[in-house]
Amino acid sequence: MSVATDLFELQDLELSCTRMREELASMPQIAELAKKRRAHQKLKADATKLFAARKDEETFIADLDAEAQQAEERLAAVRRNTDMSDYRDIQELELAMSDHAKKLDKVAFDRAAHEKKLAELREKENYLASYIKKFEDALIADAKAARDAAEGLQNDIAESERRIERISARLPQDVLQGYRAASKRFGGLAVERLEGSVPSICRMALQESSMAELRRADGIAECPYCHRMLVLDGE
Ligand SMILES: [Zn+2]
């Protein structure tokens, strides 16, 4: 493994490490998951509202049933106190029976309206409950997929870091220091390769005098134009 090969591998590994760290920080799965969690909160709030509305309807109906029950009891009391041989008593009973019938009609009418509303609410509630269940199943799967995707990236980063360490350990100290300084200065693009007489990054063709000078250097030199590390042909 030549020093030049090591330098290029080191550069590639560090560039891909940077890319993977950025990817990890801005994983679309993570953002998507946060969005779905907010949507889930909203669905749960809707379910709570429906539940409260249904409870209200059930209370209305129970109140109407109690009202009908009370009306029955009132009529029974009038009946008990009616002297069937007294004409005025009988008239009062007939009046009470008529009021009672009207009362029951009204209760039945209101009750039907509330029953209808209750049935609608129950249907909505059931639909929403099954929708939320499906949503939650998908959310769990998404969370797992995001975790797996992150885990894959995290493993790749760790593996790259191990390789970076191994290469750094075997490179000559001065070459490594030169590489680190250039990498910092040039945003990770520290090393270029000479292709013919043209460096691969700055693309400024070298003069013959520079070429001759570089050939005398031992494989690794500095580009006279951009000052990156320059690896000569054949290395
Ligand atoms: Zn250059």
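Residues: numbered from 1 along the sequence shown. One-based numbering, in listed order, for ligands and for the atoms of each.
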Note: Glu23-Arg19 ion pair, threshold 4.0 Å (strictly below)
no

Does a side-chain N-to-carboxylate-O contact under 4.0 Å join Glu57 and Arg122?
no

Before moving on, can you tell me the angle at the Zn ion (ligand 1) between the SG atom of Cys202 and the SG atom of Cys223, to the nearest 10 degrees?
110°

Before giving the answer on salt bridge (charged side-chain N to carboxylate O under 4.0 Å, His left out), spell out for Arg203 and Glu195 the whole-Å C-alpha distance, their side-chain angles and the decisive distance to 0.1 Å.
CA-CA 9 Å; Arg203 310 300 300 172; Glu195 295 163 345; 2.9 Å; yes

Ionic contact status for Glu58 with Lys117, cut-off 4.0 Å
no

Measure from the Zn ion (ligand 1) to each N, O or S atom of His227 and report whether any distance is below 2.8 Å.
no

Of all N, O or S atoms in Glu192, identify the one at the shortest distance from the Zn ion (ligand 1).
OE2

